[in-house]
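I have placed the structure first, in the form of structure tokens, so that the comments after it can refer back to it.
Not measured: the values here are computed from a predicted model. Throughout, a chain's letter reflects where its sequence line sits, starting with A, and its residues are numbered from 1.
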Amino acid sequence: MQRKRTLAQQDALVAFLLILPSLLIILGISLQPIVSTLYLSLFEAQRGINVQNVFVGLANYAALLNDPVFWVTIQRTMYFTVVSVGLELVLGLAIAQLIHSHPPGWQFLRTSLIIPWAVPTIVNGTMWRWIYNADYGALNGLLLQLGIIDKYIPWLTKPNVAMNLVILADIWHSVPFIALILQAALATLPADLEEAASVDGATAVQRFLLIRLPLLRPAILVALIVRTVEAFRAFDIIYVITNGGPAYGTVTISYLTYLEMFSFGHIGRGSALSFLISLFTLAMAFVYIRVLYRPEETL
Amino acid sequence: MKAIRSMFFALAALVLLASAVGCQPGQATGPATVRVLTMEQAGPTVDEMNAIVDAFNKANPNIKVEIEYVSYDALHDKITTAMSSTPPSYDVFLVDDIWYAEFGKAGYSLDVTDRITQDMRDKIFPAAWDITTVGGKVYGMPWLLDEKYFFYNEDLLKQAGFDAPPATWEELLAQAKVLKDQGIVEYPIVWSWGQYEAAICDWVILLYGNGGSLVDDKGAPAFNNPTGVKTLTWMLQTIDDGYTNPASISYVEEDVRNVFSQGKAAYAVNWNYMYDLVNFNKDESQVTGKIKMALMPAFEGSGVKSASINGSMGFSVAATSPSKDAAWKYIEFLTSESIQNQYSAHLLPIWKTSFEGENLTKLQGYTPANAVTVPMFNEQFPFAHVRPKVAYYPEASKALQLALQEALTKQKSPEQALNDAAAKWVELAK
């Protein structure tokens with residue numbers, strides 16, 4: 001018995017040593033920046049050579065939480081996140097179902113679906129900026145030819161319109177991700193459950209809502225967490241399409257952090273903002289897991 | 001146990017290897033490397049800039065210059081990020097006039113006052129030195145003397161029966177009405193009023209052209225007064241009347257150039273570089289040969305003849321650079337009179353002497369564009385205004401951009417928006 005435990009301990013030691021390099025890398029790459037961001041957020045820190053940072057405790061956080069701009073930005077970010085992720089989920093599920101039903105050419109459809117997802121966000125943003133251009137953009141050209149509009153519309157000049165158009169660009173880019181995850185999950189579902197239900201007289205809607213959707217829950221959970229966190233931190237697509245305009249109408253929380261930190265040089269306040277973003281995303285992931293995750297359903 | 005021991009050896013080897021990689025190579029060997037950060041936008045093209053680097057490297061075998069390009073809008077943030085490491089990622093960087101105060105205060109730009117020779121002081125435009133000098137200290141070498149110019153499409157104006165460009169903004173609107181009513185062009189003028197620095201540049205042109213100014217003698221905001229409100233209201237009115245292209249609210253200079261190049265606008269305001277591209281480059285423009293430049297209009301009754309925006313830039317040495325002397329040597333080469341004359345198609349020289357006597361004739365003959373832009377520079381530059389030299393400029397500018405946009409998108413009245421921005425400027429100055 002004594003000998004056996006030593007062996008187990010040895011195994012544990014070897015296991016630990018084997019994961020040690022990746023552990024060090026993870027600690028170095030993700031934990032260290034989080035800790036130093038937290039540290040910096042407690043200072044009145046400015047940019048510059050030999051600049052002395054002044055410890056201010058939680059003053060940066062207090063100032064942010066009392067700033068109406070912060071809350072308006074949070075609201076705007078929530079709108080962006082909820083609308084884009086919500087629509088992406090609905091569309092992604094529909095596309096996944098379509099591919100799963102194996103229509104003619106479904107393999108081609110599945111492969112071509114990857115293209116929007118594979119386009120880097122910056123390139124995607126630039127493309128949509130051109131599409132939305134009021135004077136030579138494809139959107140105006142298309143709508144005019146279809147007879148839907150009778151003159152060109154300056155799309156990006158109204159804050160709410162600009163926000164919805166950025167969301168549209170984000171949806172185009174990210175729907176494939178959700179569709180592919182859900183399609184892969186659909187492919188692993190046992191067919192006999194639905195067949196049995198069908199024999200028992202369940203309608204297609206009932207089968208979808210009561211059998212397929214619950215079985216897809218773990219895959220939906222993964223897709224939702226990844227996409228919500230991404231959407232909440234959206235920055236590059238906004239930077240390229242609108243630069244936060246018009247009139248701050250598309251400034252999200254990440255964009256505000258970028259302005260504070262990199263454009264204005266408020267390192268302390270910017271760090272506090274980044275840390276708040278981390279807390280928000282952590283909270284959202286927590287809610288998702290509590291609502292959607294059921295251990296016994298793990299596939 | 002053996003397995004564990006070999007694991008330890010492997011780990012130890014890994015750690016050793018990692019620390020060896022992390023070691024700095026000795027500074028003594030090989031030529032000194034000078035890393036340069038500049039922009040790919042307005043001014044000389046990438047090919048031209050690379051050619052200057054090659055010429056310098058050939059003439060200086062003990063120095064090796066490596067050059068990198070970013071867009072103007074990314075330049076400021078790239079510099080400030082690069083300067084937070086030691087040694088900095090770049091030894092030389094291009095600095096816009098509005099950043100000199102900030103970089104001087106932060107200690108990023110090297111104080112080069114002692115490196116400026118009397119010859120340079122005498123022969124370079126005083127206005128150029130104003131750009132790179134903050135509080136009596138010189139933080140960089142001037143490189144690009146630019147301002148916004150007034151462009152018009154002579155062909156479209158003739159169709160509407162006008163032989164001369166407008167001298168005032170009122171006259172411009174009167175011409176615009178005819179152009180619009182006759183269906184020659186839907187939106188006669190296009191601006192860069194997007195939420196970028198570009199909006200501030202256009203605003204300075206209109207505000208100063210109306211007798212106003214951004215700040216008073218003491219540096220306090222001076223734009224939230226009847227003149228400022230009148231100017232902003234005028235901008236809004238030109239959109240409502242359909243004279244200003246409504247997409248201007250989302251545009252930067254490149255959008256202006258694209259619209260103007262398609263003949264979709266009769267007037268435009270842009271930097272020097274647009275003339276060569278719109279009037280001579282058939283790949284880029286559908287209106288080649290039809291474009292003229294004129295003195296920037298001003299408002300009637302303002303007592304101002306013309307007003308423009310000074311958008312000059314200079315090169316600085318990173319204060320923490322390990323190879324300051326080599327870096328300065330490259331800057332001297334880059335800004336020398338001969339190099340600047342050679343590449344003057346997209347960049348007018350900082351040297352007063354290039355504009356005098358025989359040199360002026362030569363300068364005008366270097367490219368077809370120069371024949372027009374060089375005299376135009378001489379005419380317009382005395383009317384170019386600089387933006388405030390304050391360390392908090394990026395934040396002040398963003399507040400004013402927001403105010404302009406809030407008024408132009410009708411979320412706030414011009415008066416309210418300008419008062420809010422002015423309050424922010426006062427707060428920042430504290």
Side-chain angles (χ1 to χ4, degrees), chain A residues 6-7 9-11 13-18 20-21 24-25 46-51 69 122 129-130 132-137 140 151-162 165 239-251 255-256 258-267, chain B residues 1 3-4 7-8 10-11 14 73-74 76-78 80-81 83-84 86 88 102-103 105-108 186-187 190 193-196 199 239 245-252 255 258-259 262 264-265 319-320 391-392 394-395 397-398 401-412 417 428:
Chain A
T6 320
L7 258 180
Q9 280 173 345
Q10 278 185 15
D11 282 353
L13 187 60
V14 172
F16 177 72
L17 285 173
L18 284 172
L20 188 62
L24 285 176
I25 290 171
Q46 299 288 342
R47 215 160 30 196
I49 313 278
N50 301 327
V51 169
V69 173
I122 290 286
R129 189 183 156 89
W130 282 339
Y132 294 150
N133 185 288
D135 287 288
Y136 46 88
N140 269 337
K151 65 187 242 179
Y152 284 3
I153 293 173
W155 293 107
L156 297 173
T157 58
K158 291 200 172 64
N160 52 347
V161 178
L165 290 175
Y239 179 81
V240 175
I241 299 182
T242 63
N243 200 34
Y248 268 38
T250 53
V251 167
Y255 198 91
L256 190 68
Y258 157 78
L259 284 178
E260 288 288 349
M261 196 102 153
F262 293 98
S263 298
F264 306 159
H266 303 311
I267 309 292
Chain B
M1 279 310 282
I4 295 170
M7 280 290 302
F8 268 120
L11 256 179
L14 207 79
D73 288 304
H76 172 273
D77 302 344
K78 181 110 174 155
T80 54
T81 312
M83 286 305 293
S84 59
T86 330
E102 183 194 356
F103 289 2
K105 188 185 171 205
Y108 293 159
E186 189 176 5
Y187 301 117
V190 58
W193 293 347
Q195 189 173 299
Y196 301 82
I239 296 179
N245 186 322
S248 297
I249 301 177
S250 63
Y251 278 174
V252 287
D255 301 305
N258 289 336
V259 171
Q262 293 174 6
K264 284 187 165 186
T320 48
Y392 53 84
E395 200 169 359
S397 166
K398 202 43 108 178
Q401 290 170 32
L402 176 61
L404 297 177
Q405 291 247 310
E406 281 174 336
L408 293 174
T409 56
K410 299 187 178 168
Q411 296 182 43
K412 280 186 188 169
L428 286 169

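Heavy atoms closer than 4.5 Å to chain B are found nowhere in A:I153, neither backbone nor side chain. For a residue to count as touching a neighbouring chain, one of its non-hydrogen atoms must lie under 4.5 Å from one of that chain's; by this rule B:A391 does not touch chain A. Only the side chain of A:Y258 comes within contact range of chain B, judged by heavy atoms closer than 4.5 Å. Contact annotation for B:F103: neither backbone nor side-chain heavy atoms come within less than 4.5 Å of a heavy atom of chain A.
Partners of B:S248 according to the side chain to side chain donor-acceptor pair (under 3.5 Å) rule, which considers only residues two or more places apart in sequence or in another chain, do not exist here. Scanning for salt bridge (charged side-chain N to carboxylate O under 4.0 Å, His left out) contacts around B:K105 gives an empty result, with sequence neighbours left out.
Put simply, of B:T86, B:D77, B:T80, the one with the most heavy-atom pairs under 4.5 Å next to chain A is B:D77. Contact count against chain A (heavy-atom pairs under 4.5 Å) is highest for B:D255 among B:L408, B:L404, B:T320, B:D255. Taking chain A as the reference chain and counting heavy-atom pairs below 4.5 Å, the highest number among B:Q195, B:Q405, B:E186 is found for B:Q195. Options A:G265, A:A162, A:P246, A:A134 differ in how many heavy-atom pairs under 4.5 Å they form with chain B, and the most are formed by A:P246. Ranked by heavy-atom pairs shorter than 4.5 Å toward chain A, the options B:H76, B:E406, B:M83 are led by B:H76.
In this structure, CG in A:N243 is found 3.5 Å from OH in A:Y255, a value given to the nearest 0.5 Å.
In the model, B:Y196 has no side-chain atom that pairs as donor or acceptor with a side-chain atom of B:D73 under 3.5 Å. A side-chain donor-acceptor contact under 3.5 Å links A:N133 and B:Y251.
For A:K158, the NZ atom counts as loosely surrounded, since its 6.0 Å shell holds 12 or fewer non-hydrogen atoms of other residues, nucleotides or ligands.
Panel note: side chain A:Y132, backbone A:L165; a donor-acceptor pair is recorded below 3.5 Å.
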